Amino acid sequence: MMTLFGIPTAALFGQLLLGLINGAFYAMLSLGLALIFGLLNIINFSHGAQYMMGAFVAWLALTYLGANYWVALVLAPVAVAAFGIVLERTMLSRLYKLDHLYGLLLTFGLALIIEGIFRQLYGISGMPYAVPKELAGGWNLGFMYLPIYRAWVVVASLVLCLGTWLLIEKTKLGAYLRAATENPALVQAFGINVPVMITLTYGFGVALAGIAGVLAAPIYSVNPLMGSNLIIVVFAVVVIGGMGSILGSVVTGFMLGMLEGLTKVIYPEAASTVIFMVMVVVLLIKPAGLFGKGA
Amino acid sequence: MHKPDALLKVSGLEAWYGESHILHGMDFEVAAGEVVTLLGRNGAGKTTTMKSIMGMVAKRKGSATFGGTETVGLASNRIARLGIALCPEERGIFASLNVRENMVLPPVVQEGGMSLDEVYGLFPRLLERASSQGTKLSGGEQQMLAIARILRTGAKLLLLDEPTEGLAPVIVQHIGDIIRQLKSRGFTILLVEQNFHFAATVADRHYVVEHGKVIDMIPNDQLSQSMDKLKGYLGV
Ligand SMILES: Nc1ncnc2c1ncn2[C@@H]1O[C@H](COP(=O)(O)OP(=O)(O)OP(=O)(O)O)[C@@H](O)[C@H]1O
Ligand SMILES: [Mg+2]
């Protein structure tokens, strides 16, 4: 058996791959959170529930409409964004002038309600969702076995994150978004309809969660609590990367996923807590986060 | 003093920040092509007047018409689209945008604005610094950028809030030249100034603001006769 630093390479790469997959989800979710926090000043605690809704839209569409995975990949983010836009217009928009705490409490409550409804309707045992046949199977790379679907998830996440980053950093629309994040009143006084921009940004941020939910469906089972399990870690990622930093959330998401995987090989007992230990250290040394600005 | 062809006509304009009542019925007007200043002590309500015209103050009452259109009650993005643009007191240069992005951020709201080349012609320094981060510019350069970026938009009325504040004399002179050039190009300008010596070099008329009200109007050609009165108003 091949080993590296005394660890069997198949196990090492296997765990690193798992870490990379988790990291892909951390990155997509924390990216949406960062976008929303930047412009809306709201810590969107219902992000996990919206991710779960994305997975459920995929499952429901398959079960009741016979719509396949690829259709779900378009349908779910659109549905989750539409739901998010209604939330933003009817509830969140009333909170922008208040402390972050109010937005956090409201979205936390919403998450509990949404998850409660899905639990009531579908139980908590979880529904399987098959890997689409185009992405079934895997490749034997010699040192490890790589399931095609998992490679797809990593690539899809990278494309989404990179695409979002380019949109924000390199386009006119992104310039409006960055400017409005700094000084919404002035951007609006230049003639931009900032309230609409805010609504669409929330829709886009939760759409990312919706897509992540569809990508997750074949890997984790579709379960009303899948989001609440993940969101706590994602918040740690956001804190470590720096609240509101787009690039920071993506890079940190992938890095921490890998770190978690690596910890599983080296010292499995610490695997579920290592991210929180990093969070504590980062908060002590650089409270604004690794990529955050300010003190 | 009430000319029928006023481009901006402010009457009985009141404004509040939360519970504090700041403007208590401002009355003044600016004719097309004029440069008019608002003079007054710190805290008199000059910036609040600018922001109220621009729709950036949540609670306002009274009237401010631009080209006959009532702006009180419109959202600030709608007011901007009528052809009014603000150069704010704090300059409002965006740190997450480079100079070029800052320059082209305000959308063109009407035809007839200056082209980007013309703007860079007035402010060549900004072209040299085009890829620097906006807030890495010097204070004077940031002020140039804050003025430059609203010239492309086609806005006919420019609200310039203390463009000379804290700047070296040569730069103040340069800004004076720019304002005179803008006037000759047909822009209408409402200028807030602390420095009335500077104001006298660019403006047609001056309104004196105190406690959220206009208390006097002095045509520029009577400024020297009115100097003692003005010094009294401003407490200098
Ligand atoms: N955002 C705000 N919230 C509450 N009060 C404010 C706010 N901005 C200004 N004020 C108050 O409104 C009054 C008028 O302020 P304003 O900024 O309009 O004065 P100004 O004439 O522009 O003064 P300066 O010459 O110092 O710029 C001041 O008493 C100020 O303290
Ligand atoms: Mg002021």
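To find a chain, count down the sequence lines: A is the first, B the second, and so on, and within it residues start at 1. Owing to the predicted nature of the structure, the values given are computational and were not obtained by experimental measurement.
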Could you please show the donor-acceptor pairs under 3.5 angstrom between chain A and chain B, with distances rounded to 0.1 Å?
unit_1, atom_1, unit_2, atom_2, d
A:K172, NZ, B:V104, O, 2.8
A:R178, NH1, B:S96, O, 2.8
A:R178, NH1, B:E101, OE1, 3.3
A:R178, NH2, B:E101, OE2, 2.9
A:E182, OE1, B:A95, N, 2.9
A:E182, OE2, B:A95, N, 2.9
A:E182, OE2, B:S96, N, 2.6
A:E182, OE2, B:S96, OG, 2.5
A:Q188, O, B:N77, N, 3.4
A:Q188, NE2, B:N77, OD1, 2.8
A:G191, O, B:R81, NE, 3.0
A:G191, O, B:R81, NH2, 2.9

Side chain, backbone, both or neither: which part of B:P88 has a non-hydrogen atom closer than 4.5 Å to chain A? side chain
Side chain from CB out, backbone as N, CA, C, O: work out which of these in B:I93 comes under 4.5 Å of a heavy atom of chain A, or both, or neither. backbone
When every non-hydrogen atom of A:L186 is compared with those of B:G92, the smallest separation belongs to CD2-O, 3.5 Å
Select, from B:V109, B:V104, B:I84, the one with the greatest count of heavy-atom pairs under 4.5 Å involving chain A. B:V104
Counting only non-hydrogen atoms closer than 4.5 Å, does B:A95 touch chain A with its backbone (N, CA, C, O), its side chain (CB onward), both, or neither? both
B:L105 versus chain A, the contacting section by heavy-atom distance below 4.5 Å: both
Residue from B:L82, B:L86, B:I79, B:L97 scoring the most non-hydrogen pairs under 4.5 Å with chain A is B:L97
Do A:F190 and B:I150 touch side chain to side chain, with heavy atoms closer than 4.5 Å? yes
Top of A:A179, A:A175, A:G174 for chain B proximity - count of heavy-atom pairs under 4.5 angstrom: A:A179
